[in-house]
Each structure stands twice: as structure tokens, then as C-alpha cells.
Amino acid sequence: MAKYNHKEIEKKWQKKWNKDELYRVGEDAKKPKYYILDMFPYPSGEGLHVGHPKGYIATDIFARMKMMQGHNVLHPMGWDAFGLPAENYAIKNKVHPRVATEKNIATFKSQIEKLGMTYDWDREIDTTDPEYYKWTQWCFLKMFERGLAFESHEPINWCPGCQTGLANEDLEDGRCERCDSEIEQKPMRQWVLKITDYADRMLEDLDKLPEWSNSIREMQRNWIGRSEGAIIKFDLKSESDHNSQFSTLNSNVEVFTTRVDTIFGCTYMVVAPENPVISDQKSVISNYDEVQEYIDASKKKTELERTELQKDKTGVEIKGIKAVNPFNGEEIPVFVADYVLGHYGTGAVMAVPAHDERDAEFAKKYDLPIKQSVAQTFNGEGKNKVQKDKPMTERKTVDVILKHWEKDEYFCLDWKINNWKAFIVGGVEGEETLEEAALREAQEESGYKNMKVIGTVGQEIHSNFYAAHKQVNRNPVMRNCVYIELQDGERGELEEEHTKHHDGVWVKKDEVQDFLNLSEPKIYFDILQNGEKAFTEDGTLIDSGEFSGLKSEEAREKMVAWLEKKKLGGKKVNYKLKDWVFSRQRYWGEPIPIVHCEKCGVVGVPESELPVKLPEVKHYEPSGTGESPLATIEDWVNTKCPKCGGDAKRETNTMPQWAGSSWYYLRYIDPKNDNALVDKDKEKYWSPVDFYVGGAEHATRHLIYARFWHKFLFDIGVVNYEEPFTRLQHVGLIMAEDGRKMSKRWGNVINPDDIVEVYGADALRVYEMFMGPFSQSTAWSTKGLTGAKKFLERTWRLFEEKELIDCGGDCKDIPKELPVLLHKTIKKVSEDIEGFDFNTAISQMMIFVNEATKHERLPKEGMKKFLQLLAPFAPHMAEEIWREKLGEKESVFKSTWPKYNPKKIVEEKVEIVIQVNGKVRDKIEMDAEIDEDGAKAAALESENVQKHIEGKEIRKVIFVPGKLISFVV
RNA sequence: GCCCGGAUGGCGGAAUUGGUAGACGCGCUGGACUCAAAAUCCAGUGAUAGCAAUAUCGUGAGAGUUCGAGUCUCUCUCUGGGCACCA
């Protein structure tokens, strides 16, 4: 052995491990199993760049440690190979996608193998292999049999670039995720999977996944977008020509709302352009042409345009009809506007501009009435809390915002008792209007004479509190606010009753918010400055008939019950998640195993005839007519109906790329089984996937689909547990050195093959794990890579140049700090690999190597343990030293992972920090077990501590054993 | 707009329950070796003042709690990600 030659070593051990079948695994009841999984890659034509294997390196390190800890580890790899790029490449270069795919897989595999991975290649899978997609088709048939896969003619997302329909999950900001084309809505025949049937279960079971990050669970919750509300029927009335009276039509419109409690504030209704009520009522709509014109215009807009213009809401009143609010019988106008979406809820909403921002915007633009029905509510806290045994009184008050006659200042009251800081507030008496009361109060409390009422500010607010000085509850105080401007400074004498409790002060505009200490005046002043926004939170119902006075939540329950009793609607749950549009009009995907028979209709291909193989075609181009290229192959399309034997045609749509990846992790368990998707016993042994590692971009696509698919397989008894992935970890990207994403386009791609050639696979592995926290994205640095390489070389030299002393477990003549450090290192590296904190694990190993380098003689046993820790990170180098230098007979990966001895990481002497008033003044070495008195005595001997304590009294001593002692003087 | 993260030296990043901020690596500076360079090794490296001991300041900004705050609370700024007219 001499110089560290990575090229020789790495090739040598890769060959040897392969030959010895080191990574082959089978079911072994004696060992605990561990299934660790990488998200399998799409084998693109560009090959891997150094960022791609980051996750694979991490799982490999993890897998190796688990192996050494005695687990039976399943760590497989495969290819998600159906998809558009291969097909587009085929179109361009006239190469069959199969050929291009095979070539790409070979490239990927060779790149991955050079990194020294533990993959069991006997279990390799490829989603484009008919033996694999047979089972994808089988899953589809099972869903079809249970009504979960069905044909639909609803308009779907159509990508004009890719010439295919897409699922919602394939869009990004209204554009095609793949080619960036603007998406159109196109009605066409589609296969759809009823994923919404599983929405609630997918939502609930997120709580069973504590080892998933909160952020991804939150993302899934948002994507599923469950909202609970009510359906309400509004009867329609039409205007008769003669007397402009409205008469009841035998028809109604259903709206969906989550805020039925605001319904007394509903002042109009809006239906989506797609809502069929418009054409149904054509005969009674007096401006039908205008309405139709609006609908046509909004149909021309793409979804993107409709949402991009979201600030500017447009709409047209549908004249000749009115809707009737079932709660109060009010007749309200009906509008058509494209801010209401056809595909969500019922495609119609009750508009409550006082309590919904979008409705408010529309109402302001078209000058529609705004009517408050829910009051913002404050409840007193502490001393101000309502006391049940004291009398309850209602009271109506007005807050007065009084502006100075020439300066930008406002008149406020500084209360001597209560410490309130507020505007003038007074009761509204008898028949007084708000304005009259405000004017009277302003004059009484301020003494100024000439003032002008400008208008009211904001909505009614309710306050519930206990007024201690009167010993009654104010329950509620219904407050409003009036804005008044002084005309001049003429002022009379103030009566004593108005000065004894508070002083009047002028406060500059910018300081008013800081001055005020009560919520209600703050809200009013904010509205005066910044304009009014709809109040969209819960509160107390007002002007809502029999429901007045209820809290929003209680009101919703009672109102839904009322609707159900009267058969005018009821409870309803809606989801943002849409059913999964599952057919693609492209070639390179799994054929959907369905035939269309003239007699029998849609018939599933019998299981015995699976797989339905993808036929050879001359052209892969999409037809553009919404049919897949398969439609042109007559002898494939024309077939016999499996039911009646008559003429039938095959389904020519193919499945989306997500299909094969929705269940692939199950096939690794039993990749060659021809009789079942997976053998039941094997499935029981290996599943679930204990740990799943991959990119965050799949949080709402692959991971939604796979969870759905898995739950379906659970329901039909293929798997024995409900959630496929127990622990989930995201890989952070590796950016290029210039901070941009690595891409052919920027010319900043680094190929791992080149790095392996120059620096070695081990250096690349160590570097990528050392770059930073695993889930964080970090820029590549070739300088940083040399640091990793240097660390490996220093480690190599340790075994090359130092004298290794073989003295059993317990060496007397070696530096005593080394065993302590070793056991600390064992602890840290083991825990950090488990937690995926590789950067700190490596840093700890560096500390160990730095210390060991200082000594000439090292304990052999300890150094072996260190080598075992290093082995998962730098497997080739570790194996070389283990076998060739230390002469071990078996692979280091067959050795047993070292355990740390808790007793050995306790140091005898520790540095105790001495603080005076929280500042570090000295550090003294003491016995680790020293008690407070001992530490205190030692600390007080320090010169520097004495200097800071001198002449002062020690008031308190805080002692943290083994850490610090702190004096407060 | 809403929901999650994040902000620490020249750079990547460390820091159990609040308890020595800057571990480890890169870079930089000086030195050793060398005819010289590379490689390697040794020392130094948050800022300011000082020969030094040491002192003061310092974890995006501002307030607060505490003997003590990168860590906890509130407000704000910037930034990454997700969702977005979802009624």
C-alpha cells in the first residue's frame, strides 16, 4: 500500500462487491427489515449531473449503516421511463422511444454504479417493460371494475404544445408544466380516476405520518382543499311584461357557501358563465344577447387570462329574473361574472359584499348595496371579562374621531382611571341618530363649538365586557363611529364632569395608532386612513332575524339545520382537488386496457389478455385531433369484444407518466412475479417503505397519486397497510457554482463521471454530504470538493504512516483524549446518519482525524471502529484499508456497527464558564462533578472575576453543573 | 393576498432544555520544506481599541421577557417555497 489511488481502489471493490453479491437481499425472518427507497429517476437523454445522485448517496450511506447494524436492507433502483421527452426525441430523430430509453437507462446506470451504490440490481424495474406495465394496467382494470375509473366529457386542460389533455397537477400557473404553453379548456372524452372519493381519507391519514415534514403535509392539505359549508336553494322569479312585478318561476339556483351565517347580508347573486341556469331561463331573460355576449367573451379567455385579470372584476346583470333569499324573502338581482368559477361548488354564489372581499370589489364597481350582518366582536379579558352573576345591559355607543381645524391632529382622551387611551365615546340616547349623538358628545367632551359631521366610519362592532365602575356587564356594547371635522378653534368652558375622568389631548396623525390602546378605536382609525375592507372573520350576527345575536359558528349550525328542515339545502363539503384526468393522447405510455364495443359499450380487457402491449407505429406524432397516434394502427385498434365476440375497437388513449410511478415501490418487493402484482407474504415482510427520499417538487403530484393508489390497493386487499411511506425526506438541490440551476441551457452542468475520474467517488460522496444541511439547496464548489478529498487523504495517511498498537481494548500508552473522542464520534455519527445530518457527522470525523494526526501511535481497535464509521461515506477507501491494510477477511460492510459506551464520553475535567451579570469573565478547568460551593470558591479566586465583583454585593448565584456558574451583583 | 420555511464572519455552514456564538470546511495572511513552484505541514483569521492582559460591540431591523437570548414573545424588512377569484 502506498499513495491513495482512488481509480484503482474504486474499480477493484465495485467488481468484488458485485461478484460477492454483497447487496442481494431476500426475506429473512431472523433479521429486522428496513426498506429505504429513492424516488426513481426519469432516464433523460442528458444523463445525470452531480446534483441528481445527492439523494442516492444519502440513502446509500443510510442503507450501509443499517446493514452493519444488523438489518435486512432493501434498497432498490429502477426507471420511470414512460414520458414525453423520449417521445419528442423519437419524433425529432426517428428513433423508437424504446431504443432511446434503453440507451439512456444504460448511461444512467453506469453513472450511478460508478458511485459505489448498494442497489440490488436483481430487483431493477422499468415502467416501460410490458411485464411491469401489465400490472399498471391491472390496477386500472380493478379501478374500472369498481367505478373509480370512468369516462367523462367534461372540459379538461388541453396543452396545445404537447397536444394532449393534462391533469390539474400538471399545470403551473395556468401553463403546461413541461412546455410552458398556455392551457386551454377543451371538452373531450377522457378517462378520469375518482381520486376525490379518497380525499377525506388522504386528509385524515396525514395525521398518521408524524415523520413527514409539516410543510409537506400542509401542502397536501391545501391541495386537497377541503371546505365545509352549505348548499342553499334560491328560488327564481321572473318579471312579467305588464306590471313589472316578479312572479315565482318553478326553478331555483343552488349556491355553495362556507359562510351561511352572513346570508342576511346577501345583496345579489352571481352565477358562473358556465352555469346552465342561463340557457334554461333564456325565455325570461330580457337582455339575453348582452348576457350571451359576455359568456362568449369569457369563454375565449384562457384560465390564465381569467385569473391574471383577477383584480378587475367584470360581469353583467341578468335582467328579467330575480333570486329570492330563502331566509328573508328578499328579491335580489342576479349577475353573471367570471370571477365565479364553473367547476367549483355549484358554479353560483350568494354575494355578501360586507363580508367577502371579492363581492365587495364587485359591489363597489357596479354600485350594489352593501349590508352588514355580522359584527366584529371583542370580549373583555381579565378584569374586563363578563361576570355571569352581574346584570347584563345592552348599550349603543358612538366613537367620535374629531379632527383639528387646521393641523393633521386628532382629539383623543387620556383616561386617568382605567388607563384607557381612546377617542371620545358616548351613548346614543333615545331617538337620536348616530350623527346627532356624535355631534352632541363631541361638543360636550371637547368644548369646541363649531364642527361638521363628515360621515360614519366602518361597521358596527360589538364589545362584551364588565364595567367595574358601574358593576354591570356591557353585553353587548354596539359601537359605531362618526368622523367630525372642527371648523375653528372657538371653545367654551368644560364642565367638571367631563374633565374629572380624563384629559383631552391632540395627537398627530402618525402617532394616533401608537397612542390608542383599545382595539375598537384602532380599527376605526385604520379604516378612516386606509379605507374599508370587508369584515371576513367570524363575529356576532346582527339584523339577521331570529338568528341575530348568535355567534357565527353557532349560527352556521342552526341555519344549516333550518335549511335541512325546510328542504332548501343543507350541509355540503367541497374540495379543490379535482378528479384525476388519466388519459393522454400520446404514444409513449401504457395503453389503457379497454375496448369499445358497439353492442356492449365500454368493456375492460380480461386479465388473462394483459398486458395490452404498445404496438409499433411508423409515426409518433400526436394527431392533433385529440386522438393518440395509436388510432392510426388499424390492425391494433380493430379487435373483438371480450364479452360478445363482436367487432370492437381498442381504447387508443394512453396513461399519464404518473401511472407507473404510483405503485412502483411495491414491485421492487417482488419484481419478477408473473401471477400477482406482489406476493402477499413478501409484501407483508417488506412493507411499508420505512424511508422515502426524493425531490420536494413531488409534494403534491406523485405523493398525492401514490397515496391514493396505495389506499385503493389496500381496499382491494393487495397491501396490508394504509400509508405507503412512513418517513419522508426531501433532497435540497445542488445549484451550479454560478448560483443558477444546473442546465444544459446555461452550460454549467457538471457530470459526476468527470468528478469520479479526477477526485474519486468517495470524495464526491463525502463532499456532497458535507456541503450543508441535506434538505437545503447549496451551490456546487470545486474548492469545497478538494477539502473533502484532503480529508480522505489525511485519513489514508493515518493508516499508512502511524504505528497502530494492538493492545486489546485497553491501551495504556496512547493519548487518553482519543478514546473519549472516539466514543463521542461514534455517538454523533450514528445519530447524525439516522437523522440525515450528514454534514455534522463528517465534521465530527474530521475532528477525530485532526486529533489522531497529532499522535504517532494509535490504538488499532479504536482506529478500526473509526474506519467502520467512515465506511458508509467512503466505502471504497474504507474497504481497501479494512481488507488490505488491516487484513480483515470479510467486507467491512459485514462487520458490526460500533456502539459507544456512555461512560466513556464523560470527561473528568471540564471547563466551567464564569459569568458576572450574564457576561463571561473567565473559564476555569474543574472536576466535571464539582458542586456549587466548590465551583463558587474556585470562581471567586479568579482575578478577572474579582475585578468585576469588587465592591459589589453578590445577590444571586446560578449554577449549571458541568457548564457554568453565574454571579448576579 | 394567504400558508409554510429561512436570514449567523470574505464564503458553505456549526451551536441539547435559553448557558463559552462562529465547530468543521473553503478562502485569506504569515512561517517551514524547496533553486523555485505545486503538494504537504505549522501558526493566525468576526469587528474596533491596545505591545499585551483585556475591554467594548457583534447572529436581518426594532422592542420585550430573563442573571443570561442566535435560541422564547410581539412588530417590521428582505428572501426561498407552496397556494391563489376555491365563495
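Throughout, protein chains are lettered first and strands after them, A, B, ... in sequence-line order, and every chain is numbered starting at 1.
At the heavy-atom level, A:G787 lies under 4.0 Å from the strands shown only through sugar-phosphate atoms. Counting any heavy atom pair closer than 4.0 Å across all strands shown, A:N214 reaches no nucleic acid atom.
In this structure, A:E218 and A:D922 both approach RNA chain B, and ranking their closest nucleotides by distance from the 5' end singles out A:E218.
For A:Y344 and B:A87, the shortest distance from a side-chain N or O to OP1 or OP2 is below 4.0 Å. At the phosphate of B:U40, neither OP1 nor OP2 sits under 4.0 Å from any side-chain N or O atom of A:R794.
Environment of NZ in A:K371: crowded, with over 12 heavy atoms of neighbouring residues, nucleotides or ligands closer than 6.0 Å.
Spacing between B:G31 and B:G22 at atom C1', rounded to whole Å, works out to 26 Å. The separation of B:U65 from B:G18, taken at their C1' atoms, amounts to 11 Å, rounded to a whole angstrom. Comparing the C1' positions of B:U54 and B:G60 gives an interatomic distance of 31 Å, to the nearest angstrom. Comparing the P positions of B:G25 and B:G6 gives a spacing of 27 Å, expressed to the nearest Å.
Residue A:I847 places its side chain closer to B:A23 than to any other of B:G13, B:A23, B:C85. Nearest to the side-chain atoms of A:L964 among the listed nucleotides B:G19, B:A14, B:A87 stands B:G19. Nearest nucleotide to the A:L341 side chain, out of B:U20, B:C85, B:U56: B:C85. Set against B:G82, B:C67, B:G12, the side chain of A:M219 has B:G82 as its closest nucleotide.
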For the pair A:Y366 and A:Y268, evaluate side-chain contact (heavy atoms from CB on, under 4.5 Å) and give the outcome as yes or no after the intermediate values. CA-CA 11 Å; A:Y366 292 97; A:Y268 61 102; over 6 Å; no

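In summary, the aromatic rings of A:F335 and A:F362 are positioned with their centroids under 6.0 Å apart.
For A:S781 against B:C26, a side-chain-to-base donor-acceptor contact under 3.5 Å is absent. For A:K313 against B:C85, a side-chain N or O and a base N or O form a donor-acceptor pair under 3.5 Å. Contact annotation: side chain of A:Q915 to base of B:G19, donor-acceptor pair present below 3.5 Å.
A distance-only check finds no donor-acceptor pair linking the side chain of A:K533 to the backbone of A:E357 [under 3.5 Å].
Screening A:V581, A:N157, A:L577 for a side-chain contact (heavy atoms from CB on, under 4.5 Å) with A:E169, the sole residue that qualifies is A:L577.
Classification of B:G44 as anti follows from a glycosidic angle more than 90° from 0.
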